[in-house]
Amino acid sequence: MSQSYENTLAFAKKMDQEDPLKKYRQEFHIPVIDGKQVIYYTGNSLGLQPKRTRSFIEKELKDWELFGVEGHFNQQKENIWYNFHKYSKKALAGIMGAKEEEVVSMNNLTVNLHLLMVSFYRPTAKKFKIIVEAGAFPSDQYVFESQLNWHAFHGGNKLFDPVEALVEIAPREGENTLRNEDIINTIEKHSEELALVLMGGIQYYTGQFFNLKEITEAAHKAGAYAGFDLAHAAGNMHLKLHDWDVDFATWCTYKYLNSGPGNVSGIYVHERFGNSPEIPRLAGWWGHKQDERFKMKKGFIPMEGADGWQLSNMNIIAGAAHLSSLEIFSEVGMEALRSKSILLTGYLEYLIKEINKEEKIFEIITPENPEERGCQLSLFTLKYGKSLFDKLMKRGVLADWREPDVIRLAPVPLYNTFEEQYQFAQILKESLAALKQ
Ligand SMILES: *Cc1c(COP(=O)(O)O)cnc(C)c1O
């Protein structure tokens, strides 16, 4: 798609006027610093609060006040708590490109990574390797390391070498992102010993979106499972997990999904496993066959679908916040969201390139092709580094700094505007001018 942008305020304003999603900015609380709304670029870290969230939470507080424990079942109550995990399914299925029975909200992301590895990482002395992206998010790295040690030395014998088992794919010398062909070739190269491919959907540092479909295909050809950590892809990319035949995935909901700090995660498990009670898993009462849950009998019988991976009953107050934001996603739909996102990030990229023409300040390490990225751009600062970042923050730009020299900017299509991109470019120019003095 070729898009012609203009470096003028009038153009930015026109883009906002023509934006079919423009009314959604009013649906969010935009933080104010020194009496001015900030330019919020950190929706990839913590999404903003939807204004409707408060009423969703207040409703559950009211029901708790009115019904006490009866809130779980009382039919006068609109959304009984007993079924609360079901209320997010429809929206999540739309966001993930999954069937409703393939998704469920539960726990937090790192916990879910562990739980899903219990089911999908079943190493043997022959097939034990895991392929991951180099420089994965630290929490994921600790998951891999601890899972590998757990399996390698389980029962006192050494089943395999845990260091050899972790295959990390890194960019080629002089490159910032991974080539799809390198990922596929690595999978093929290790196929005999490969048990699992487990990568980010979007790499949190570079913003690169991987080809989930082709990676999954290659993993299956190698007789391995393919799973993805979608922390940075959920609510950002137009995903089609079921059609891409992905085995499992998990994500957090406080980034692009705006559910509030530390809020619930979600999982996806392809239906071919969800309806196989023999798939090993760690069990809890909330994953037990629903009509027998309160019989409190021995013998775990999992619910069908992703629900069978639940352990505990849902955190209702937090779950209400999750539902409030999902309602917005259902109204908008991922297709419309992505269409705007491509334009918005494209505009930011264009403006940065315009500044680079005068003096090369940034190397954009995020892929240029919109198909290979979400809304985030990661800028490697060739000059001024952290002092430039500090200047931007002082002038009302809320962005994020990653060592050694990267500024991450995530214009979020639900609440960021084209005019903000233009304003950001002006602030950037002013900050650069100030640094040169
Ligand atoms: C944000 C993020 C996490 C955070 O994990 P929590 O369990 O939610 O604290 C983990 N992995 C990735 C890739 C992330 O981006």
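Order of appearance sets the numbers: ligands from 1, and atoms from 1 within every ligand.
- Taking a cut-off of under 4.0 Å to the non-hydrogen atoms of His232, the atoms of ligand 1 that pass are 15 (O).
- For ligand 1 and Tyr254, the ligand atoms under 4.0 Å from any heavy atom of the residue are 1 (C), 4 (C), 5 (O), 6 (P), 8 (O), 9 (O).
- Considering both main-chain and side-chain atoms, Tyr204 never comes within under 3.5 Å of ligand 1 through any nitrogen or oxygen pair.
- No donor-acceptor contact under 3.5 angstrom links the side chains of Thr206 and Thr177, judged on distance only.
- Contacts between Thr110 and ligand 1 below 4.0 angstrom, taking non-hydrogen atoms only, involve backbone and side chain alike.
- Ionic pairing of Lys386 and Asp390 is present here: one or more N-O contacts between side-chain nitrogen and carboxylate oxygen are shorter than 4.0 angstrom.
- Aromatic ring centroids of Phe210 and Phe228 lie 6.0 Å or more apart.
- Looking only at protein heavy atoms, the nearest one to atom 2 (C) of ligand 1 is Lys255 NZ, 2.5 Å.
- Nearest non-hydrogen protein atom to atom 12 (C) of ligand 1 is Phe137 CG, 3.4 Å.
- The residues Asp247 and Arg272 are annotated as salt-bridged, a charged nitrogen and a carboxylate oxygen being separated by less than 4.0 angstrom.
- Ion pairing of Arg172 with Glu181 is present here, as a side-chain N (NZ or NE/NH1/NH2) and a carboxylate O approach within less than 4.0 Å.
- Closest to atom 11 (N) of ligand 1 among all protein heavy atoms lies Asp140 OD1, 2.7 Å.
- By the criterion of a heavy-atom distance under 4.0 Å, the side chain of Asp229, and not its backbone, is placed next to ligand 1.
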